[in-house]
Amino acid sequence: MLDQSYYDKTDEIIKVHDPKASSLIPVIQDVQAEYRYLPGELLSYIADKLGIPLAKAYSVATFYENFSFDPKGKYVIKVCDGTACHVRKSVPVREALQKHLGLGNGKNTTDDMLFTIEIVSCLGACGLAPVMTVNDKVHPKMTPDKAIEIIEELKKGECE
């Protein structure tokens, strides 16, 4: 059960886009930007407010890969595993991050909700391979040690 503030914020977002069916994607994009994921309860609420069937809203939200029903950490780390990154050793980078953060085997977000690791097919920066992003900031020519260093800097920034 979500807190009332989630519904209030969603009402504000809907108001910005107008409560009509064609506003579905911008509304759920903004809701996800606000909470770093798309709460399932809110999708049902949004569908009702926009006057569309929940099945349609759900089909849109699940069709596009950028929507997530799982809560994400404050720092979303995307590790590229496209061809260029893969051959330039992105797998050891991913493995080092997962080991350092205690993730893997289906667990992608740390318990403290600070970090989420996602493996993506391409980040569009092949010349900088292997690449990872942290909240869309590109980190080129990654090594396992450089990746861990970035994590530690982010943690240190959280403590200050």
Checklist entry - For the side chain of Thr10 and the backbone of Tyr6, is there at least one donor-acceptor N/O pair under 3.5 Å apart? => result yes

Checklist entry - Do the side chains of Leu2 and Phe67 join up, straight or via other hydrophobic residues, at under 4.5 Å, putting them in one cluster? => result yes

Next on the checklist: Any non-hydrogen side-chain atom of Arg36 less than 4.5 Å from a side-chain atom of Pro71?
Outcome noted: no

Checklist outcome for this item: dist Met132:CE -> Ile117:CD1 (nearest 0.5 Å) comes out at 8.5 Å

Checklist entry - At their closest point, which heavy atom of Pro39 faces which heavy atom of Val31, and how far apart are they? => result CD-CG1, 4.3 Å

Checklist entry - Can you check whether Val87 reaches Pro130 side chain to side chain, under 4.5 Å on heavy atoms? => result no

Next on the checklist: Please determine whether residues Leu101 and Val91 belong to a single hydrophobic cluster, defined as Ile, Leu, Val, Met, Phe, Trp and Tyr linked transitively by side-chain heavy-atom distances below 4.5 Å.
Outcome noted: no

Checklist entry - When the ring centroid of Phe69 is compared with that of Tyr58, is the distance short of 6.0 Å? => result yes

Checklist entry - If every non-hydrogen atom of Leu43 is compared with every non-hydrogen atom of Ala57, which pair is closest and at what distance? => result CD1-CB, 3.8 Å

Checklist entry - Cluster question for you: counting only ILVMFWY and a side-chain heavy-atom cut-off of under 4.5 Å, with indirect links fine, are Tyr75 and Tyr35 together? => result no

Item to check | Expected output: side-chain Gln32 to main-chain Asn66 donor-acceptor under 3.5 Å | outcome: yes

Next on the checklist: Please check this pair: side chain of Thr109 against backbone of Lys72, looking for a donor-acceptor N/O pair closer than 3.5 Å.
Outcome noted: no

Checklist entry - Quick one: are the ring centres of Tyr7 and Tyr45 less than 6.0 Å apart? => result yes

Checklist entry - Have Ser5 and Asp3 got a donor and an acceptor in their side chains that come within less than 3.5 Å? => result yes

Item to check | Shortest non-hydrogen separation from Pro26 to Ser23 and the atoms involved | outcome: CD-O, 3.1 Å

Next on the checklist: So, taking the atom named CG in Leu128 and the one named CZ in Arg88, what distance separates them when rounded to the nearest 0.5 Å?
Outcome noted: 9.0 Å

Checklist entry - Looking at side-chain heavy atoms only, is the closest gap between Thr133 and Ile77 below 4.5 Å? => result no

Item to check | 4.5 Å side-chain heavy-atom contact, Met142 and Ile150 | outcome: yes

Checklist entry - Side chains of Tyr37 and Asp70: does their closest heavy-atom pair fall under 4.5 Å? => result no

Checklist entry - Can Val120 be reached from Val79 by stepping across I, L, V, M, F, W or Y side chains whose heavy atoms are under 4.5 Å apart? => result no

Next on the checklist: So that I can tick it off, tell me whether Glu12 and Lys9 are bridged by a salt bridge, with the cut-off set at under 4.0 angstrom between side-chain N and carboxylate O.
Outcome noted: yes

Checklist entry - Once you round to the nearest 0.5 Å, how far does OG of Ser121 lie from NE2 of His86? => result 12.0 Å

Next on the checklist: Tell me the closest heavy-atom pair linking Leu50 and Pro19, and the distance in Å.
Outcome noted: CD2-CA, 3.5 Å

Checklist entry - Leu54, Phe63: one ILVMFWY side-chain cluster at the under-4.5 Å cut-off? => result yes

Checklist entry - How many angstroms lie between atom CG of Asp11 and atom NZ of Lys49, to the nearest 0.5 angstrom? => result 4.5 Å

Next on the checklist: Assess the residue pair Tyr64 and Ile28 against the criterion (side-chain contact (heavy atoms from CB on, under 4.5 Å)); give the C-alpha distance rounded to whole Å, side-chain angles, the decisive distance to 0.1 Å, and a yes or no.
Outcome noted: CA-CA 11 Å; Tyr64 294 104; Ile28 61 178; over 6 Å; no

Checklist entry - Do the side chain of Asp18 and the main chain of Lys20 share a donor and acceptor less than 3.5 angstrom apart? => result no

Next on the checklist: When you measure from the side chain of Thr116 to the backbone of Gly73, do you find a donor-acceptor pair of N or O atoms at a distance under 3.5 Å?
Outcome noted: yes

Checklist entry - Are the charged groups of Glu152 and Lys155 less than 4.0 angstrom apart, N to O? => result yes

Item to check | Val27 versus Ile13, closest heavy-atom pair with distance | outcome: O-CG2, 3.8 Å

Checklist entry - Hey, does Asp30 have a side-chain heavy atom less than 4.5 Å from the side chain of His17? => result yes

Next on the checklist: Nearest 0.5 Å, please: how far is CG in Leu123 from NE2 in His139?
Outcome noted: 11.5 Å

Checklist entry - Where the side chain of Thr110 meets the backbone of Leu114, is there a donor-acceptor pair that is under 3.5 Å apart? => result yes

Next on the checklist: Donor-acceptor pair, distance only, cut-off 3.5 Å: does the side chain of Lys89 make one with the backbone of Thr143?
Outcome noted: no

Checklist entry - Just wondering, do Asn108 and Leu103 contact through their side chains at under 4.5 Å, heavy atoms? => result no

Checklist entry - Once you round to the nearest 0.5 Å, how far does CD of Glu34 lie from CG of Leu42? => result 10.5 Å

Item to check | Heavy-atom check, side chain of Val76 versus side chain of Val134, under 4.5 Å | outcome: no

Next on the checklist: Is it the case that the side chains of Ser90 and Asp81 hold a donor-acceptor pair, with the cut-off being a distance below 3.5 Å and no angle test?
Outcome noted: yes

